[in-house]
Amino acid sequence: MKEQKYQVAVIAAMKAGKSTFLNAVIGADVLASESEACTVCRTDIRPIDASATPRLLEYRQGQKKPVVIAEGDSSVIRQKFLEQTHKLRATANHDNTTRFELEHPIEAINKLSSLTGFTLVDTPGPNEWESAGFSTVSLKQTALEALRTSDAILFVLDYSSFKDNTNSELLQDLIAQRGEFLAKNTGKIYFILNKVDRKAEGDRAIDDVIADLKQALIGFGIPDPIIYPTSAWQGLLAKLIQQGTASDSHLKNFKTFFSAKYAIENEEGDSVTPAPKKIAPQALKDSFIPTIEESVIQTVVQNSGWNLLSDVLASLIKAGKSIEDTLNTRFIGWEMEIESLKQKVEEYRKRAISAKRKVEDVKNSVEQQKQKLMKGFSKGINMFAEGAKTNIQDEIDHIAHSRSAKPQTKIQNNPQKMEIQEFNTDKLGGIIEDLTEGILDFFPGLRGLSKIFRVGVKVGESLLNSLTKSFPEYLNSQDSYVEIEQTKIADPYKIRVKSKKDAETIKLTINQFCAPHIQNLWLETQDRLVRDGTKFREELVQIIQNDIQMISNELSDYLGQTLEIEFNINKIQFPKFKFKGIDAVIQHQQDIIIGNKSKKISGTCCQPDYYVDIPIQGNVYDIDLKETARLIQQKIDEQVSRNQHLLEQVIDKQVSKDFRDAEQQINDYMNKFQEQFDNVLRERETREAEKEQILATVETQKVKLNEYLSELAPIQASLNNWKAV
């Protein structure tokens, strides 16, 4: 249990109280909760012993060792964390920080000594994806990875956004777009309706708000959403008071906002408010923070522990049953006539050869399925490449068209009013149909990608508008309009600038527009492909398990009939507890690539780099937009080739391992009986006189084995009852 990893991710829109909620679970006011200090990257909160010194670490791309940002008590770490967050936002993450790690005691799990691998994950919300001047793609990537890989996901929602029947941005931008995925993972998703202490006298009842929220979530495709109301602020203050770590400010806030509702009447009929220390236990309970901790965090651990123990117990039972079959075979082998035994050994040898041929047939079938899986990923990646290249070409063509259009044409230079650019759907529609033909049935995510690429993706403003704002003199702008030049431009795809500095800045502007837009398309592509691929792989594991199980059962039935004894089922097992999806293996492979400096590769599967060095022609500084488009498209093709290779490696490695695991189990089963028969034959030829003594020994071993197996039965029953609870 101590070696296992447990991950509980927390996602929220800004101002929903995510940091306060996390602080309440941690039991310390350590994460800054000011609204402007948005989550700029993932923060992993890992538990340490209460006697250890808390630390804040920062991990940067390309560096194995983290940087120690702060060390000390909660107030020190909180201030340093806030300063570092502001710095990252101000510099647009110049240091390439990938994540933070907070080592701190977590009060919610301090009684669970086995949770050394537990992690609370603070992830950025949708409105932080739109952060100006920051890598919004990496923020979005963090949240989507958490959705796919965490043992539990907590969506923190702001009560204030729902009390008037208004929809949260979080629901629209995150949940609604992935309702199908969330619906299939309802057992690990919880919704925390925070700030219920903000309810005013005239507001609707909390239960009514929860009922409406539940209906909204059902509408998004989540069949039975689990919703907990909470006041994280009240829970945090109550915990701090109970621990004796509350500051004067904390005490003041508790008295101001929460003490009044715990006032009681004395004998004289006057209202008296007890001291915060006396109120704190009930206030903590009323905050629902303990309920959430017990229902969510401890349940995650319990389920994970159940899976681990279930796997171990199944292995022990299987081993015991295997020994039982061996003893029965040995007993029968000594009882029958030796000539009859030789005949049966030869017949079994033929059966085993036939079984191995059937296993080879399963292998060929699995290989075909693996190729389908690779094909699905390849199609999706190619869709991304064609869609991204078409979109970039459309942006470039839009600039050229504006520079060669009629003089009366005007394009508003207002990013809020710019028409969102779309793909060339006529051209792309045919490409998509060709790419997805014959594969949509088992890779439905491609349908979602097809929709994305057909209707386009919002980019905020066009590339033309981005360039016009920075260089109106080169794109003929005047005031708030783009005035088209009266004289026809010889080549609208070429921009002539005055200086090398301007040319370099235009290059940078083009890259700053294209890179995040293309990366966002890739992120959506990868998210859908990984979800489909993981599901497909799980189904393939089931197919392998069933097919090999059938071969094993046929062999067992034959042995039982020919030896006239009852054989146990040789259960082909795939441990639930260690089963990893494609996403986890991709991430592991990327960590190896990034961490190995001798194999440093820019633009890995989730972190593509589309920066291109646009050539400047001649001394007059002409920028050729056609060449620009070609270079960007070439860069996309390079990224696609690299990503396809990585994904094919991951898929081949995983599926091949899945089959080998099952093949090894059936081979061990076949070889065990072949070896047992051969051993009995050899012994019969040299130790026939000891027959009665050997049979007696086998009988004694069978009795001991039955005693062992009988001890496992109540353990299994107890484990099943635990799961039921």
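Computation of the quantities below employed the complete heavy-atom set of this structure, encompassing side-chain atoms and omitting hydrogens, waters and symmetry-equivalent molecules.
- When atom types are taken as modelled, the side chain of Asn23 and the backbone of Val30 share a donor-acceptor pair closer than 3.5 angstrom.
- For Thr97 and Glu58, the side-chain atoms include at least one donor-acceptor pair closer than 3.5 Å.
- Under the side-chain contact (heavy atoms from CB on, under 4.5 Å) criterion, Asp286 pairs with Gln234, Tyr262, Gln282, sequence neighbours left out.
- Under the 3.5 Å distance criterion, with hydrogens and angles disregarded, a donor-acceptor pair is assigned to the side chains of Ser231 and Asp197.
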Determine whether Lys372 and Glu539 satisfy the following criterion, salt bridge (Lys or Arg N to Asp or Glu O under 4.0 Å), listing intermediate values before the conclusion. CA-CA 13 Å; Lys372 285 185 179 181; Glu539 293 172 353; over 6 Å; no

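- The minimum heavy-atom distance linking Glu107 with Gly27 is given by the pair CB-CA, 4.1 Å.
- To the nearest 0.5 Å, atom CZ of residue Phe81 and atom CG of residue Leu102 are 7.0 Å apart.
- Rounding to the nearest 0.5 angstrom, the gap separating the OG1 atom in Thr123 from the CG atom in Leu154 is 10.0 Å.
- Distance alone, capped at 3.5 Å, places no donor-acceptor pair between the Trp233 side chain and the Lys195 backbone.
- Counting only distance, with no hydrogens or angles, the side chain of Asn382 and the backbone of Ser378 share a donor-acceptor pair below 3.5 Å.
- The closest side-chain heavy-atom distance from Pro47 to Ile109 is below 4.5 Å.
- By the 6.0 Å and 45° rule, Arg99 stacks over the aromatic ring of Tyr59.
- Minimum heavy-atom separation, Asn194 to Ala232: OD1-N, 3.0 Å.
- When every heavy atom of Ile241 is checked against every heavy atom of Ala280, the shortest pair comes out as CG2-CB, 3.8 Å.
- Taking the six-membered ring where the residue is Trp, the centroids of Phe191 and Phe155 are separated by under 6.0 Å.
- Atom OG of Ser295 is separated from atom CZ of Phe288 by 10.0 Å, given to the nearest 0.5 angstrom.
- For the residue pair Gln542 and Asn546, a side-chain donor N or O sits within less than 3.5 Å of a side-chain acceptor on the partner.
- Minimum heavy-atom separation, Ala24 to Glu293: O-OE2, 3.9 Å.
- Judged by distance alone, the side chain of Asp203 and the main-chain N or O of Ala200 form a donor-acceptor pair under 3.5 Å.
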Chi angles and distances behind the salt bridge (Lys or Arg N to Asp or Glu O under 4.0 Å) call for Asp212, Arg204: CA-CA 11 Å; Asp212 286 346; Arg204 293 186 304 146; 2.4 Å; yes

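- Expressed to the nearest 0.5 Å, how far CG of Leu193 lies from OH of Tyr228 amounts to 13.5 Å.
- Between Phe254 atom CZ and Ile279 atom CD1 the span is 5.0 Å, to the nearest 0.5 Å.
- Not a single donor-acceptor pair under 3.5 Å links the side chain of Asn110 to the backbone N or O of Ile106.
- Counting heavy-atom neighbours within 6.0 Å of Lys285 NZ, excluding the residue itself, gives a total of 12 or less.
- Using a 4.0 Å cut-off between a side-chain N of Lys or Arg and a carboxylate O of Asp or Glu, Arg537 and Asp658 qualify as a salt bridge.
- Distance check: Leu82 CG to Ile77 CD1 gives 13.5 Å after rounding to the nearest 0.5 Å.
- Donor-acceptor pairing under 3.5 Å is lacking for the side chains of His250 and Thr245.
- Contact between Leu31 and Arg78 at its shortest, heavy atoms only, is O-NH1, 3.1 Å.
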Do Ser287 and Lys239 pass the side-chain contact (heavy atoms from CB on, under 4.5 Å) test, and can you show the C-alpha distance, the side-chain angles, and the key distance before you say yes or no? CA-CA 10 Å; Ser287 74; Lys239 276 192 177 183; over 6 Å; no

